[in-house]
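Step one of this worksheet: look at the structure below.
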Amino acid sequence: MKYAIIIPDGAADEPLAQLGGKTPIEAAHTPNMDRVALEGRQGLVRTVPKGFESGSDVATMCLLGYDPATYHTGRAPLEAAAQHIPLAPSDWVFRCNLVTVLDGVMKDHSAGGISNAEAQRLLSDLRAALKLPGFEFYNGVSYRNLLVYRGADEFDVTTKPPHEIPEEPVAKYLPRGKGSDLLRQVMELSRGLFAEHEINQVRRETGLNPATQVWLWGQGHAPNIPKFAQRFGVKSGCMITGVDLLRGLAVLIGWDVREVEGMTSFHDTNYRGQGEATVAALDRYDLVFSHIEAPDEASHQADWKTKVAAIEHIDRYIVGPVLEKMKRYDEWRILVMPDHPTNIATRKHGYASSPFCMAGTRVRSVRSMPYSEMNAAESDLKIEQGHELMEYFLRGGNL
Ligand SMILES: [Zn+2]
């Protein structure tokens, strides 16, 4: 049996006046997603359990068949896995953003999308100045860096994602709780060190946001996640994504990660290349998981035109070729769905259940409707525990 899972991140939405009362999925021309729904079945699945924030870390973990209540230990440890950073069970990982705070207000969670070279320079100077034992910095992409703590202190802290407090005074969102004094010391040291740093002088002169300090959040220990093959009996899996978070999840569950030239998290991504890579990977792997970030990023910008275009590109260049390829195997199944909604109206992730469609061997429905949020909701097929969807899919739609 061959399995393909295609995730247009954040594609689900609500009806929009700009689209004549249609959702972006309804407005987009998606003959291939419709074929999956018409030949198979569709329904709704809750991918963000109560008590969790809607994000790709939680929702994708659910989609992969793992209950976040059991396995989610924080966002930073998942990104550490993508970088293959070795972690002992007692080690802590923090997301270490470079941010712009001016007059005590969070101006920019990304320090103007600072370059890798500038970020490396700032963090290596911070590393040299930091006299606290046990801390190690790891450079990621741009402002997204990690701090690992391998010391004796314990943490029981509350932290805040910096992208959730734009234009707000930062004082009330500083780390709180046991061990937070250590984290505040690191942040405070960076503030003094970066203030007159030559990199920031140049950035200010050229009108770019300076990196005024590091901001620590998203902490956790390494999660202890059973391998996908052990858990579901599907021997080999492959992840294709432009996002570190999903690469990390793949590493943790024992899958290979495939890169595609020109693959990004925006609409400028190489859709055609990702479609070809997904098709090619199906010959080598039992399950291929192909994730496209572009619809989510367009939603965060409230760019409904680009969101519709991204969904159409995914349909044409990824779902279409994969569906064609699947039909050459004796036994196959395909699942297409967003991990969570991202709403154009609010520019934020939503909490509504996600519409899914699946087709293939022994997947049948008595109803035949094109794929949409509304038709999925009318199907009466509702999976409340999102992590049960994987087993449902692998067993061909039998709960
Ligand atoms: Zn997402």
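In listed order, ligands and their atoms are each counted from 1. Predicted model only: the values in this text are computed from it and were never measured.
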Once rounded to 10 degrees, what value does the angle at the Zn ion (ligand 1) take between OG (S56) and OD2 (D9)? 90°
Flag, side chain of N270 to backbone of G273, donor-acceptor distance under 3.5 Å: yes
Can you tell me if H349 has an N, O or S atom under 2.8 Å away from the Zn ion (ligand 1)? no
min-distance N/O/S atom, D339 vs the Zn ion (ligand 1), resolves to OD2
Pi-cation contact, Y66 with R231 (under 6.0 Å, within 45°): yes
With W92 as partner, the option from F135, F155, Y149 fulfilling ring pair (Phe, Tyr, Trp, His ring centres under 6.0 Å) is F155
Do F356 and F393 make the cut of ring centroids closer than 6.0 angstrom? no
